[in-house]
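Notes follow the structure.
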Amino acid sequence: MDVFLQTVVAGVLKGGLYTLIGIGMTLIMGVMGIINLAHGQLMMLAMYVTFVLNTMGVDPYVSLFVAMPLLFLLGVVIQKFLLNPLIKVETILPENQVLMTVGIGMVLTEIARFVFSSDYKYITTDYSNRTFYLGKISFSVALTIAFGIALVFTAAMFWFLLKTDLGRSIRATAQDKDAATLMGVNTGRITVITFGLGSGLVAAAGCLLAPVYYIFPDIGGPFTAKAFIITILGGLGSTVGAIFGGVTLGLAESLGATYLGMEYEDIVGLTIFILVLLFLPGGFKRLTKV
Amino acid sequence: MKGLKKGLMAVVVAVLAFGMTGVARSAEPIKVGVLLPLTGSMAKFGEIEKRSFEMALDEINAKGGVNGKKIELLFEDDTGKPDVGRSAMEKLISRDKVPVITGGYASSVVAATAPVAQQFKVPFVICTGSADDVTEKGYDYVFRVNPPASEYPNAVLSFLRTVAKVKTAAILYENTQFGQSSSKAFEKDCASVGIKVLVKEGYQAGAIDFKPVLTKVKAANPDMIYMVSYVMDASLLMRQSKELRINPKLFIGGGAGFTLPEFARSAGDAADGVYSATLWVDTLPFPGAREYAAKFRKKYGSETEYHGAEAYASMYVVADALKRAKSLTPKDVRNALAATNMKTAFGPVKFVSYGKKTQQNKLDTYMVQWQKGVLEAVWPKSVATKKYIYPTPHWDKRK
Amino acid sequence: MKKNLLPLVLLAVLALLPLAVKSNYFLHLMILFLLWVVIGSSWNVLAGFTGQVSFGHAAFFGVGAYTAGLLFQHLQLSPWWGMALGGFVAVLIGLPFGAICFPLRGAYFALASLALGEGIRHVATIAENFTGGMMGIMIMPTFISKVPYYYIALALAVLSVLSIRLVIGAKPGYYFVSIREDQDAAASLGINTTLYKNISLSISAFWTGMAGALYMNYMGFIDPNVVFSLHDYSVMAILVAIVGGVGTIYGPTVGAFIMVAFQEFFRTGFFGLFEYLGEKTGSTAISALGGAVQQAHVLGFGILVIVVILFLPNGVVGDWEKIKRNVFRINQAG
């Protein structure tokens with residue numbers, strides 16, 4: 001029983017981090033209909049920002065307030081100057097934007113390698129290894145905090161999309177871009193803001209992951225894959241779906257690792273992903289309409 | 001401004017000269033190829049080895065080189081990938097026409113490049129790549145200075161037999177060539193010592209969360225946990241073992257990541273008491289071992305470990321063979337290498353055949369333990385710098 | 001006839017090349033280039049002509065390579081049998097691949113193919129007893145000389161490009177393009193879109209698998225991370241086709257050349273120019289710059305990809321007219 005409970009706790013806590021990684025992707029995919037294959041690389045940059053600030057004595061939680069705006073700006077620049085120009089161009093494949101994000105991801109990785117080399121960097125804080133116990137079950141302090149922050153961000157995004165004018169415009173663009181344009185929404189600006197928001201949110205994930213993990217230039221790729229698995233599980237554009245997707249993936253990986261074997265961890269995630277694609281297109285969102 | 005102009009002129013002259021062939025040089029240096037991962041995820045080790053090669057090279061050249069000729073090292077970056085390593089190897093052989101190649105870090109790169117060396121009949125002196133079967137194919141142009149992966153835990157086994165006498169074990173390993181082959185070998189070793197393996201699990205290098213598998217290990221409650229991991233996975237494994245309060249009698253690392261200073265630094269107090277198999281420590285009674293470590297520390301301001309010593313020694317092995325070779329053709333250098341019998345900072349080097357292996361250097365291995373942030377040699381007793389701490393204290397009882 | 005002149009001249013040059021060039025190193029690069037012609041062209045059939053952007057082509061490449069390797073490992077058959085079978089086994093893997101992915105469209109297809117490609121890599125890693133896991137498979141290459149490999153690679157490249165050209169010029173090709181342009185319209189016109197998507201996939205998988213089988217024979221070593229690599233094969237195949245020109249017959253050939261040349265040019269520090277200059281002038285700055293350039297080959301290629309997508313969205317071949325026009329204008333201005 002302890003084994004099961006500990007596995008569930010580990011999975012749910014990891015799911016909190018996954019939620020933060022997925023929520024940015026779900027916004028971007030929901031609004032623009034493109035997969036951002038540079039998502040993990042954006043997180044990697046945020047981790048390096050956290051690392052650099054940490055060498056100057058700044059706590060990773062404080063660097064949230066630096067990394068998020070920085071990555072927001074980077075996201076804005078990418079969308080405005082690299083992705084939006086592609087919409088107007090007539091090309092054979094409509095996926096040119098996706099392919100562009102592959103190129104961007106490659107360049108970001110290599111720039112990081114250039115600046116920081118391939119060496120592993122790590123941040124040790126006094127809470128990196130700290131745990132507390134409920135009964136016999138251990139909770140990592142850093143991951144529990146990350147889980148809380150993920151919930152706060154998700155709630156905030158939910159409120160933002162539902163209640164603010166900008167949020168409504170984003171939702172309108174996601175539902176029907178042409179109609180939104182006709183209703184007077186500047187969809188070009190909306191896409192730029194959305195990509196910025198998505199980047200800012202994944203930056204938060206980077207800051208929270210940094211103290212419990214380590215940093216190297218190639219870290220992005222696997223997390224990009226996790227981000228789109230979460231997005232598909234939760235349903236495009238759904239913030240609540242992102243929590244569901246994140247926690248489901250975290251749990252599935254943990255249970256898979258405990259009861260099948262750790263080497264099956266990734267296969268479990270990929271299998272669930274393909275099953276959802278085939279049998280529940282639209283993901284969790286379709287079930288709840290949230 | 002003047003300096004800039006001068007510099008520009010120099011560049012122009014050099015560019016012109018670049019176009020001309022056959023620039024006359026006095027006493028062409030002997031070129032030696034070195035294959036190392038200088039970029040990519042293994043670059044950390046590649047760097048330690050490159051520095052060690054360069055240190056040995058400077059020493060050799062300062063003493064007049066080999067038979068009046070200086071040695072020049074041509075480093076090729078294999079990025080830790082077999083296909084890139086192969087291209088690099090072919091470039092060294094067919095374009096640079098080196099008479100001998102050394103280096104070779106990743107097991108997979110060595111497995112892919114050794115046949116190239118054999119096929120082109122250019123001797124390859126492997127300094128680190130440890131896949132067992134590389135020296136089991138009867139290649140007569142492939143030599144290996146370091147012991148193969150299956151022999152890494154020899155000292156660990158002798159410690160288990162004589163001191164620890166544990167009954168059960170868990171084995172965790174990364175899914176790489178080194179991880180899969182050495183975990184398999186260790187499982188067999190366990191059977192021969194009478195240790196029951198309760199859990200044996202592989203994982204993808206770079207996992208975030210080892211807690212599920214560690215929970216399983218905790219439930220199985222083995223006497224020892226044996227881990228084959230590179231540095232950051234090693235650190236996470238120990239940190240999360242501490243989080244879960246897993247208390248076996250010993251944590252043992254199978255070489256690689258567990259001996260690096262980065263491991264202890266990033267794992268913090270979770271690294272304390274962890275044992276590791278190793279191939280070398282600077283306190284060994286080999287000529288130049290201490291001096292090498294001290295010099296490395298002084299020159300680069302960081303610690304070296306067994307990988308560096310392998311590289312340093314390999315440079316001397318190559319130089320020694322070049323000195324004795326009848327001519328500088330690959331064939332004569334190969335014959336000289338086969339007759340190698342020397343003492344190096346890494347230990348005695350002599351390429352012998354035993355079991356299925358050919359042209360393999362046979363060496364003892366050692367066991368180290370992290371004690372208060374310092375890597376101490378603890379086994380065998382003859383080379384120990386500190387007494388081993390056994391069993392490892394419970395997490396709750398540590399200060 | 002005039003249309004065929006350039007490819008024929010190119011072919012003649014390539015056929016005679018080993019007579020003129022003796023450098024093994026150069027031939028090695030040419031073999032890599034030819035392999036990439038095959039892989040890029042294959043990807044292009046499915047994505048460029050049929051509109052199904054696959055992110056999982058490493059699966060076919062790896063399966064082809066493992067077919068050759070496993071035949072040797074388990075049955076002691078010459079890995080050259082893999083050249084006969086690799087393509088067909090890749091098609092066998094391709095059919096379930098298609099069954100899973102084809103109901104999905106656009107980005108979803110891409111994601112599913114990516115997941116399948118990664119899934120196969122994990123399976124190959126874990127199935128240690130069958131595949132050898134990360135220990136990989138090592139064989140002794142049959143020939144020491146590069147020339148036989150060069151001609152086999154050349155034959156493979158020519159056959160693949162030629163067969164693709166024939167198919168694209170015939171009825172299936174028109175169906176492929178109609179599926180790409182508007183799948184629903186194609187279906188309503190009575191085209192069996194599932195059948196033709198599977199035909200396109202089979203052609204694509206077949207040639208990619210053949211390239212994989214040749215890779216095993218030529219390189220002599222494979223492991224799952226090498227041949228099932230998402231970045232090195234799935235993504236690279238896409239980039240090669242994009243740079244050269246998606247949906248054009250010769251685009252991937254041009255893209256393959258640019259990619260291999262670019263990579264090698266950077267990796268060797270402009271063929272040792274920097275190193276040489278640094279040595280000659282004694283300037284450490286130049287040597288350092290050379291070192292930096294050597295590490296920048298992926299960065300350079302990444303930037304090239306971004307620039308091409310931004311300014312030549314149809315690739316070098318697809319936008320050739322545009323390039324000519326712009327270059328001409330520059331000439332006029334100058």
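- Looking at B:F178, there are no atoms closer than 4.5 Å to chain C (heavy atoms on both sides), in backbone or side chain.
- Note that CD1 of C:I144 is 7.0 Å distant from NZ of B:K121, once rounded to the nearest 0.5 Å.
- Annotation for C:F257: atom CZ does not count as buried by contact number, only 12 or fewer foreign heavy atoms lying within 6.0 Å.
- Chain C forms the most heavy-atom pairs under 4.5 Å with one residue out of B:G179, B:S107, B:A114, B:P115, and that residue is B:P115.
- Scanning both residues, B:Q177 and C:F221, for their nearest heavy atoms gives OE1-CZ, 4.1 Å.
- At least one side-chain heavy atom of C:T125 sits under 4.5 Å from a side-chain heavy atom of B:Q180.
- At most 12 non-hydrogen atoms from other residues, nucleotides or ligands lie less than 6.0 angstrom from NZ of B:K331.
- Here the side chains of C:Y218 and B:R86 are not in contact, with every heavy-atom distance at 4.5 Å or above.
- Contact check for C:M134 versus B:S108: no side-chain heavy atoms found under the 4.5 Å cut-off.
- Rounded to the nearest 0.5 angstrom, B:K137 NZ and C:M140 CE are separated by 9.0 Å.
- Only the side chain of C:Y215 comes within less than 4.5 Å of a heavy atom in chain B; its backbone stays farther off.
- Residue-level contacts of residues 56-82 of chain C with chain B do not occur; threshold 4.5 Å between heavy atoms.
- C:P141 touches chain B through backbone and side chain together, each having a heavy atom under 4.5 Å away.
- How far CD of B:Q204 is from CD1 of C:I126: 7.0 Å, rounded to the nearest 0.5 Å.
- C:E128 CD to B:N175 CG: the interatomic distance, rounded to the nearest 0.5 Å, is 6.5 Å.
- B:A131 does not touch chain C: none of its heavy atoms, backbone or side chain, sits under 4.5 Å away.
- Rounding to the nearest 0.5 angstrom, the gap separating the CG atom in C:L32 from the OG atom in B:S87 is 5.5 Å.
- Residue B:Y203 does not touch chain C at all, counting heavy-atom pairs closer than 4.5 Å.
- For C:K22, the NZ atom counts as densely surrounded, since its 6.0 Å shell holds more than 12 non-hydrogen atoms of other residues, nucleotides or ligands.
- With a 4.5 Å cut-off on non-hydrogen atoms, B:Q119 touches chain C through its backbone and its side chain both.
- When heavy atoms are compared at a cutoff of 4.5 Å, C:D232 approaches chain B solely by way of its side chain, counted from C-beta outward.
- At a 4.5 Å heavy-atom cutoff, the contact between B:K81 and chain C is made by side-chain atoms alone.
- In this structure, the side chains of B:K184 and C:M135 come closer than 4.5 Å at one or more pairs of heavy atoms.
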